[in-house]
There are 2 protein chains.
Amino acid sequence: MAATKPTVDKRRIILDAAVRVFARQGFHTCRVSDIADEAGVAYGLVYHYFGSKDEVLDTLFLERWGLLVEAIAEIDRRDVPARDKLHAVASFIVDSYRHDPELMKVIIVEVTRAANSFGAAHLDTISDAYRQIQGIVEKAQANGEFRTTVTAQFAAMAFYGAIEQVLTGWIFGLLEQGEDSYERAKDHVVETVCRGLETYTPAP
Amino acid sequence: MAATKPTVDKRRIILDAAVRVFARQGFHTCRVSDIADEAGVAYGLVYHYFGSKDEVLDTLFLERWGLLVEAIAEIDRRDVPARDKLHAVASFIVDSYRHDPELMKVIIVEVTRAANSFGAAHLDTISDAYRQIQGIVEKAQANGEFRTTVTAQFAAMAFYGAIEQVLTGWIFGLLEQGEDSYERAKDHVVETVCRGLETYTPAP
DNA sequence: GCCCGGGTTGACTGACGAGTCAATCCGTGG
DNA sequence: CCACGGATTGACTCGTCAGTCAACCCGGGC
């Protein structure tokens, strides 16, 4: 049975080290040995747990994106106005960044926005999230909360794009950061995008 | 003087070939020899005109981004409402894509969104565009066209992010394309983002 | 005490591709 | 007709890693 199990989970250690290395040097510019060094393990051990360098990034991405998709699905099931749902989605993404900026940086920079290399392989998984947001908008359009002048598909892309660009701004130091900024960002994205989608907006 | 000038501009031919190759295979996955082959010139000639593989991409990016920044500056000088200015900016970007999808794909995928590799080097140039959009919003806020609840910097990022995400959707076949879609996209981005920014929105 | 097997090690290999360079071509001026 | 020099050629070099593998370590079962 479970022989040699009490040892710490080296696989996890390698994954965590990879996040730091990818965030610092980028996937393409780092060597597998950098990951091993950062993790404090031998080079070969990386290949004991992962089939290739790519698989390390794949694993990180799928782990995290799975959580996102799951979270959006749960949010969509709530019985609240679309605006609140979208606020919750924005909230989840922003909080993901707040909780682990390095991991989010890696996922956005190396996968989500790297549509030629990794994005291509995961395009379908990535668009799962887009489709879910689209679903939220569609329902809101059906029940009259949102106007139908803009297609749901388009609105979803605009919404997600706005958030991702803001995260990118943080990641590269173009936008002011801090607890306040994070909270404001959630409101602002929704304020900006939803107000444009809603059927009626009271004058301020 | 101008010896051997009548020959076609090989430099240009190489650049154009590079666009096709980068768009098809991606910058990292293509070889310099692929560019040379596509251009129908010898391998070494690429190095006669460019110092490195990177410099080819740099050149393509700077050429095009320069036009964008210039265009936004010109638009900003016009004496029209902010909404119209932003519509013109969206228009310019969408038309750039319509006019040369491959070049725009390369610029977005390999530079603008590749913040670790090339984006890093050009971060400043890239954000020139963001800053200009920010300027348009700031003026609109100053003269009361736009509300000040959302910072201009933030609005600029959201606006640009929304457009870029839509282009990305086209690039990877996630969003329906065609003349109609392009025209609608311009209106929709502005409709979506500006409506959320304006001080007063008439009921639909 | 001894064997078994999975965890762990790190030196080594093989492929690949950016960049070099000496040779060749060819238009122009004298 | 020749010499000059920039344009053009493509075979070759050289460094860099991703991935392999044979050996080693060590806990558990017998």
Side-chain angles (χ1 to χ4, degrees), chain A residues 1-61 106 110-111 114 116-118 120-121, chain B residues 1-61 106 110-111 114 116-118 120-121:
Chain A
M1 63 207 72
T4 322
K5 213 39 179 309
T7 32
V8 272
D9 186 355
K10 291 283 176 71
R11 191 185 131 95
R12 191 73 251 165
I13 288 177
I14 291 170
L15 282 173
D16 292 345
V19 169
R20 275 173 266 132
V21 174
F22 291 161
R24 192 192 316 134
Q25 307 174 230
F27 180 82
H28 292 290
T29 18
C30 85
R31 287 160 289 176
V32 173
S33 65
D34 292 332
I35 302 176
D37 290 352
E38 176 82 25
V41 301
Y43 185 91
L45 199 61
V46 175
Y47 285 91
H48 179 71
Y49 287 109
F50 303 94
S52 66
K53 188 187 176 188
D54 287 18
E55 199 181 304
V56 177
L57 180 54
D58 285 345
T59 305
L60 288 171
F61 167 71
V106 170
E110 305 294 349
V111 187
N116 254 331
S117 36
F118 279 84
Chain B
M1 63 207 72
T4 323
K5 213 39 179 313
T7 33
V8 274
D9 187 355
K10 290 285 176 72
R11 189 187 133 95
R12 191 74 251 163
I13 288 177
I14 291 170
L15 282 174
D16 292 344
V19 169
R20 275 173 267 133
V21 173
F22 291 162
R24 190 192 317 134
Q25 308 175 227
F27 179 82
H28 292 290
T29 20
C30 85
R31 288 161 289 178
V32 172
S33 66
D34 292 331
I35 302 175
D37 289 352
E38 176 81 25
V41 302
Y43 186 91
L45 198 61
V46 176
Y47 285 92
H48 178 71
Y49 286 109
F50 303 93
S52 66
K53 187 186 176 188
D54 287 18
E55 199 179 305
V56 177
L57 181 53
D58 285 346
T59 305
L60 288 171
F61 167 71
V106 170
E110 306 294 349
V111 188
N116 255 330
S117 36
F118 279 84

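Each chain gets a letter, A, B and so on, in the order the sequences are listed, and its residues count up from 1.
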Q. Heavy atoms under 4.0 Å, any strand shown: does A:F50 hit a base, just sugar-phosphate, or nothing?
A. nothing
Q) Between A:I13 (CD1) and C:dG7 (C1'), how many Å, whole number? A) 13 Å
Q) Mind checking whether B:D54 and B:F118 have side chains closer than 4.5 Å, heavy atoms only? A) yes
Q.
Nearest whole Å is fine: how far is D:dC17 C1' from A:F27 CZ?
A. 12 Å
Q. Hey, which of these two, A:V46 or B:Y47, hits DNA chain C nearer its 5' end, going by closest nucleotide?
A. A:V46
Q) Is any side-chain nitrogen or oxygen of B:H48 closer than 4.0 Å to OP1 or OP2 of D:dA7? A) yes
Q: For A:S33, answer base if it contacts any base atom (sugar-phosphate contacts may also be present), sugar-phosphate if it contacts only those atoms, and nothing otherwise; contact means non-hydrogen atoms under 4.0 Å.
A: nothing
**Q.** Side chain proximity check, B:Y49 to B:L15, heavy atoms < 4.5 angstrom
**A.** no
Q | Rounded distance (Å) that lies between atom C1' of C:dG6 and atom CZ of A:R11 | A | 16 Å
Q) To the nearest Å, how far apart are B:K53 NZ and C:dC16 P? A) 15 Å
Q) When you measure from the side chain of B:Q25 to the backbone N and O of B:C30, does any donor-acceptor pair fall under 3.5 Å? A) no
**Q.** 4.5 Å side-chain heavy-atom contact, B:E38 and B:D34
**A.** no
Q: Could you tell me whether the side chain of B:K53 and the main chain of B:R31 form a donor-acceptor pair under 3.5 Å?
A: no
Look for any protein N or O under 3.5 Å of an N or O in nucleotides 10-15 of chain D and output each such pair with its distance, or none.
residue	atom	partner	partner atom	Å
D:dG10	N7	B:G44	N	3.2

Q) Which whole-number value in Å describes the distance from A:Y49 OH to D:dG19 C1'? A) 18 Å
Q: Work out which heavy atom in B:G26 is nearest to a heavy atom in B:E110; give both atom names and the distance.
A: CA-OE2, 3.3 Å
Q: Give the rounded distance in Å between these two atoms: NE2 of B:H28 and C1' of D:dA18.
A: 17 Å
Q.
Distance check needed: D:dT8 C1' versus B:D9 CG, whole Å only.
A. 14 Å
Q) Hey, are A:R20 and A:D16 close enough for a salt bridge, meaning a charged N less than 4.0 Å from a carboxylate O? A) no
Q) For B:K10 and D:dA7, is the shortest distance between a side-chain N/O and OP1 or OP2 below 4.0 Å? A) no
Q | Distance in angstrom units between A:E55 CD and D:dA18 P, rounded | A | 15 Å
